[in-house]
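A quick write-up on the structure given underneath.
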Amino acid sequence: MEMVYIGCALLVGCIVGWIIRKYIVSKRLGDAETLARRIVMEARKEAQVQKKELILQGRDDLLNQKREQENEFRDREREIKNRERKLEEQSTRLDERQEKANAKEQELLAQDKELTRRERKLEEDELFVQTRIDEQEAKLVEIAGLTPEQAKARIMQDIRQKSLHEAARMARQIESDAKEQAGRKAKEILCMAIQRYAGDYVGEQTVTTVSLPSEDIKGRIIGREGRNIRSIEAATGVDLIIDDTPETVILSGYSPLRREIAKMALERLIQDGRIHPARIEEMVQKCTQEMDARVREIGEQATFDAGVHGIHPELVHLLGQLRYRTSFTQNVLQHSLEVSALCGLMAAELGLDEKKAKRAGLLHDIGKALDHEIEGPHAIIGADAAKKYSESKEIVHAIAAHHEDVRPNSALAVLVQAADSISGARPGARKELLENYVKRLETLESIATSFEGVSKAYAIQAGREVRVMVNVDTVDDDMTYILCKQISEKIEKELTYPGQIRVTVIRERRAVGYAK
């Protein structure tokens, strides 16, 4: 029985547990359904809100698009109206052109009719003239007793004889002019060649005097049968002139460097007292080596004075040789230093490279140290030497262009040209008598003022340029060119001068008023 009770109790407990669990499950399901319904309601509300927002945003977008389309429509409408207006204007212009073309066509038709009438009249006149010519020819044949062919032959013979005579006269004139020009050109070439070795005062530039302690030394210098003097001349390349001048020997030669070596060697031979061919050769060789060292020192001092550094040693040596070269009695090394300083000053004023300008100015005449050994203009020779020793392209071009042997294409080249002209043209730079200089300036001005229409003339730049002021009322613009050419030709005929002279004709009209 006890087991039955226990089984009943367990059954009742299970039933009660199942009921309780069912109740709990039912309650949880009810809560979940309530929560689900609340979530659904909230989602629906939020969806409604978002829907309204989307509808409002869509309406705003539609309004903005509508506004943009209206603006775009108005812009296109304005553009279409502008195009229509332009088309109307073009149509109007085309109508005007059409009218002008029609009028021109009518005018051309009228001209064509007039030309046709004139051509017809000309044909009639030509026929009439030809008839008269035939009549005249018949009368001339009857009077002269010659046929037209015979008359033509006689006339052609006369014309041929006159033409041959005129051609012979012209040939003689051309031959005479050619000879004159060839002679003048030859003289210019000779003068230029002489200038490369000596200046205007040849005696001062081609001889050097050596003082002797006594007259007895002359005999020892000459030597037995003249062997000593021949040895000196052969070793130095300089001529020795021993004349009646007391206690003086003259060294003559176009190379100042050789004359200086000969002078040093001769003075040392006289001081040493041993004068014979072997000793002469030894002394000349020694003096040549010393002169080479001195030339290099002079070149280095020149680069130091100019403030130019980094020049190749061979170019420095060539610079030193310029100490013994002259141009119109102006020392070439001193001239190069002066050009270097002028280039530096002008480059500083113009904002250019001052060091490069000084370098180009110092080296611009370097070719004069080689022009007695190499054929060609010294500017081109100098440019080749500078290029050989690694100077920059600008420096090489400035050297080559400073005498217009090459067309200048840089500011540096023009600077070197200007500085070279200034150094050579300033009064006192090159030896020239003051009277001759002043006379040349006066002659320049008098030549310019001798032409009709010239009011004033001024010689400037040490006679390298003459400026001519003309009367505005008597000389027009075209006449100024003719007047400039006439003045230049007259200067060439009547005046002797180095280089070239620039002629500038100025015509100016000024209007002056006063406000009261």
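All values derive from a computational prediction rather than experimental measurement.
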Inset, instruction - Please list, chain by chain and in numerical order, all residues satisfying salt bridge (charged side-chain N to carboxylate O under 4.0 Å, His left out) with R78, sequence neighbours excluded. - result: D75
Inset, instruction - Determine yes or no for a side-chain-to-main-chain donor-acceptor pair under 3.5 angstrom, with D420 supplying the side chain and V339 the backbone. - result: no
Legend entry - Residue list, salt bridge (charged side-chain N to carboxylate O under 4.0 Å, His left out) with R467, at least two apart or on another chain: E465
Inset, instruction - Could you tell me whether the side chain of S340 and the main chain of S336 form a donor-acceptor pair under 3.5 Å? - result: no
Legend entry - Residues forming a side chain to side chain contact (heavy atoms under 4.5 Å, CB included) with V472, sequence neighbours excluded: R507, R509
Inset, instruction - Please check if the side chain of N102 supplies one atom and the backbone of Q98 the other of a donor-acceptor pair under 3.5 Å. - result: yes
Legend entry - H364/H378 aromatic ring centres below 6.0 Å: no
Inset, instruction - Would you mind listing every salt bridge (charged side-chain N to carboxylate O under 4.0 Å, His left out) that reaches into residues 46-68, with sequence neighbours excluded? - result: none
Inset, instruction - Could you list the residues that satisfy side chain to side chain contact (heavy atoms under 4.5 Å, CB included) with E354, not counting sequence neighbours? - result: A348, K358
Inset, instruction - With sequence neighbours left out, write down each residue that passes ring pair (Phe, Tyr, Trp, His ring centres under 6.0 Å) with H397, or none if nothing qualifies. - result: none
Legend entry - salt bridge (charged side-chain N to carboxylate O under 4.0 Å, His left out) against E394, all qualifying residues, sequence neighbours excluded: K356
Inset, instruction - Return the set of residues passing ring pair (Phe, Tyr, Trp, His ring centres under 6.0 Å) with H312 (not counting sequence neighbours), or none when no residue passes. - result: Y389
Inset, instruction - Mark yes or no for whether S446, through its side chain, and E442, through its backbone, hold a donor-acceptor pair below 3.5 Å. - result: yes
Inset, instruction - With sequence neighbours left out, write down each residue that passes salt bridge (charged side-chain N to carboxylate O under 4.0 Å, His left out) with R83, or none if nothing qualifies. - result: E79
Inset, instruction - Just grab all the salt bridge (charged side-chain N to carboxylate O under 4.0 Å, His left out) pairs involving residues 100-127, residues at least two apart or on different chains. - result: E114-R117, E114-R118, K121-D125
Legend entry - Test side chain to side chain contact (heavy atoms under 4.5 Å, CB included) applied to R294 - qualifying residues, sequence neighbours left out: E260, M264, M291, I298, Y324
Inset, instruction - Report the residues that fulfil side chain to side chain contact (heavy atoms under 4.5 Å, CB included) with L122, sequence neighbours left out, ordered by chain and then residue number. - result: none
